[in-house]
Amino acid sequence: MTAATDAFARIHGGSPDGLWSSPGRVNLIGEHTDYNEGFVFPFAINRHTVVAARQRDDRLVRVSSGLRDGVEEIGIDDLAPDVLAGWSAYAFGVIWAAGQLGADLSEVLGLDLHVESDVPLGAGLSSSAALEGAVAVAIDELWGLGLDRRTLARVGRLAENEAVGAPTGIMDQSAVLLGQRDSGVLLDCRSLESTIVPLAFEAQGLAVLVIDTRVEHAHANGGYAERRASCERGAAGLGVSSLRDVSVGDLERAEQLLDEETFRRVRHIVTENARVLAVVDALRGSGPRSIGPLLAESHTSMRDDFEISVPELDLAVSTAVAAGAIGSRMTGGGFGGAAIALVECGELASISRSIHEAFAAAGFTEPATFEVLPSQGAGRT
């Protein structure tokens with residue numbers, strides 16, 4: 001927090017009106033189901049993006065970052081997706097999107113914003129949604145917009161879809177805005193109904209180890225868009241509006257109607273939706289130690305059916321399980337990023353060491369491994 005305040009003073013002069021932060025997120029299970037109107041089960045983590053903000057006396061918005069040199073600026077009246085580019089499109093896009101979703105920006109004053117973050121970039125922990133969430137809660141308070149958390153999540157998604165150009169669903173923004181300590185957010189991406197589900201990791205002596213492979217991915221790149229297009233083709237071929245309307249029992253028919261690749265994409269989404277609900281049932285019933293096989297099935301499905309894993313992620317997962325993890329899977333959009341492993345707290349160090357040794361033996365770039373805790377969502381700090 002001090003870093004954001006100090007940097008704000010150095011770049012913008014004086015003190016900010018306040019600090020707002022938003023966590024990154026880990027998706028425990030439910031990958032690529034969000035834009036198919038399915039189920040996801042993420043949790044907010046104790047890694048945050050912090051925004052120091054102060055109102056100006058004009059209509060200019062200026063934004064700086066501890067990760068970039070220089071200051072980007074634009075007038076509120078000039079905001080539009082086709083004039084936004086680069087990292088600042090996430091921040092500026094949130095302001096534009098708030099106006100699109102009903103906020104009256106006609107008389108608000110401009111802002112000076114400075115961003116600091118310890119959410120790793122490109123690791124599948126949603127650094128983008130963390131930035132969007134922090135800016136969203138800041139402008140909501142400073143400008144008195146009165147938007148509820150679900151609307152702020154829609155603001156973040158619209159910014160990412162239109163201003164940034166990444167065709168993502170609403171999972172990440174919902175996780176960082178709705179998250180609660182030691183709990184996950186079960187989100188129905190069709191109705192946007194959310195349910196807070198206790199994880200009980202702390203009570204059971206468990207932790208989540210994040211293995212950042214340092215293989216960077218970018219959602220705006222082709223792989224993500226291609227998978228989304230495959231899902232749309234699959235839904236059209238099955239005569240449904242989205243793959244949410246396809247059950248496991250429908251897969252035999254789907255295999256007859258679809259080409260082999262599209263069928264495998266569909267099968268991942270359909271079985272992943274079932275796994276999300278099975279994990280929630282297991283947590284409510286037998287507890288967190290029972291979800292390991294479901295995490296393993298999820299990774300296999302992403303590797304073989306959806307084809308979004310990479311060798312580094314596969315090695316991280318297999319090594320974690322061999323070293324004693326309860327369960328492990330890649331998390332995030334894929335094509336790089338991070339894996340997670342649910343582990344006994346006392347085994348964090350040994351499992352982490354095994355993963356580093358395996359990466360070295362394979363000649364891969366050294367990964368970053370660290371523990372995360374399910375944490376509270378975005379707000380003023």
Side-chain angles (χ1 to χ4, degrees), residues 23 25-34 36-46 169 171-172 174-176 178-210 243-251 267-303 305 317 320-332 339-348 351 371-377:
R25 68 96 187 95
V26 157
N27 192 23
L28 187 62
I29 195 164
E31 227 61 78
H32 288 260
T33 49
D34 56 347
N36 288 288
E37 298 186 349
F39 299 99
V40 292
F41 190 46
F43 60 86
I45 63 174
N46 57 330
M171 173 184 70
D172 296 349
S174 296
V176 305
L178 301 174
Q180 294 185 17
R181 180 177 175 178
D182 202 23
S183 298
V185 181
L186 173 62
L187 179 66
D188 180 335
C189 295
R190 168 169 283 174
S191 68
L192 301 188
E193 178 182 352
S194 60
T195 305
I196 302 300
V197 180
L199 294 168
F201 291 169
E202 291 184 52
Q204 294 291 320
L206 302 178
V208 173
L209 180 67
V210 173
L243 294 182
R244 166 65 176 274
D245 297 316
V246 182
S247 70
V248 172
D250 295 324
L251 287 176
R267 181 168 59 187
H268 166 70
I269 299 301
V270 172
T271 57
E272 188 80 344
N273 274 328
R275 283 187 288 269
V276 172
L277 300 179
V279 163
V280 170
D281 286 344
L283 288 168
R284 289 170 169 164
S286 48
R289 285 185 174 81
S290 67
I291 69 173
L294 291 163
L295 300 181
E297 290 173 15
S298 176
H299 184 79
T300 299
S301 181
M302 289 184 288
R303 183 192 66 203
D305 278 353
V317 167
V321 172
I326 292 167
S328 183
R329 64 185 285 274
M330 60 151 285
T331 188
I340 57 170
L342 182 62
V343 304
E344 303 285 349
C345 287
E347 296 182 1
L348 273 167
I351 293 175
E371 175 189 2
V372 294
L373 302 173
S375 300
Q376 198 68 27

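Below, each value reflects all heavy atoms present in this structure, side chains not excepted, and no hydrogens, waters or symmetry copies. Remember, predicted model here, so these are calculated numbers, not experimental data.
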What do the steps show when you test N46 against V372 for side-chain contact (heavy atoms from CB on, under 4.5 Å), and what is the final call? CA-CA 6 Å; N46 57 330; V372 294; 3.7 Å; yes
For [X] and [Y], work out which heavy atoms get closest and say how close.
| X | Y | value |
| --- | --- | --- |
| A44 | P23 | CB-CG, 3.6 Å |
| G38 | N273 | CA-OD1, 3.3 Å |
| L178 | S194 | CD1-OG, 3.7 Å |
| P288 | L342 | O-CD2, 3.5 Å |
| G30 | M171 | O-SD, 4.0 Å |
| A320 | I351 | CA-CG2, 4.1 Å |

Side chain of [X], backbone of [Y]: donor and acceptor closer than 3.5 Å?
| X | Y | answer |
| --- | --- | --- |
| S290 | G287 | yes |
| R25 | G179 | no |
| T300 | A296 | yes |

To the nearest 0.5 Å, what is the distance between [atom1] on [X] and [atom2] on [Y]?
| X | Y | atom1 | atom2 | value |
| --- | --- | --- | --- | --- |
| R244 | F39 | CZ | CZ | 3.5 Å |
| R267 | D250 | CZ | CG | 14.5 Å |
| L206 | L348 | CG | CG | 10.0 Å |
| N27 | I340 | CG | CD1 | 7.5 Å |
| I326 | L295 | CD1 | CG | 9.5 Å |
| R181 | L373 | CZ | CG | 8.0 Å |

Identified side-chain hydrogen bond (donor to acceptor under 3.5 Å, both in side chains) partner of E31 from the options R329, R275, H268: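 The side-chain hydrogen bond (donor to acceptor under 3.5 Å, both in side chains) with E31 is passed solely by R329 among R329, R275, H268.
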Verify side-chain contact (heavy atoms from CB on, under 4.5 Å) between I291 and L28, making sure each step is shown before the conclusion. CA-CA 10 Å; I291 69 173; L28 187 62; 4.2 Å; yes
Would N36 and T33 count as having a side-chain donor-acceptor pair, cut-off 3.5 Å?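 There is no such pair (donor and acceptor under 3.5 Å, judged by atom type) between the side chains of N36 and T33.
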Does the pair D245 and R190 meet the rule for a side-chain contact (heavy atoms from CB on, under 4.5 Å), with working shown? CA-CA 10 Å; D245 297 316; R190 168 169 283 174; 2.9 Å; yes
Is D172 close to D34 at the side-chain level, that is, under 4.5 Å between some pair of heavy atoms?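 Not in contact.
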Could you walk me through whether F43 and V208 pass the side-chain contact (heavy atoms from CB on, under 4.5 Å) test, one step at a time? CA-CA 11 Å; F43 60 86; V208 173; 3.9 Å; yes
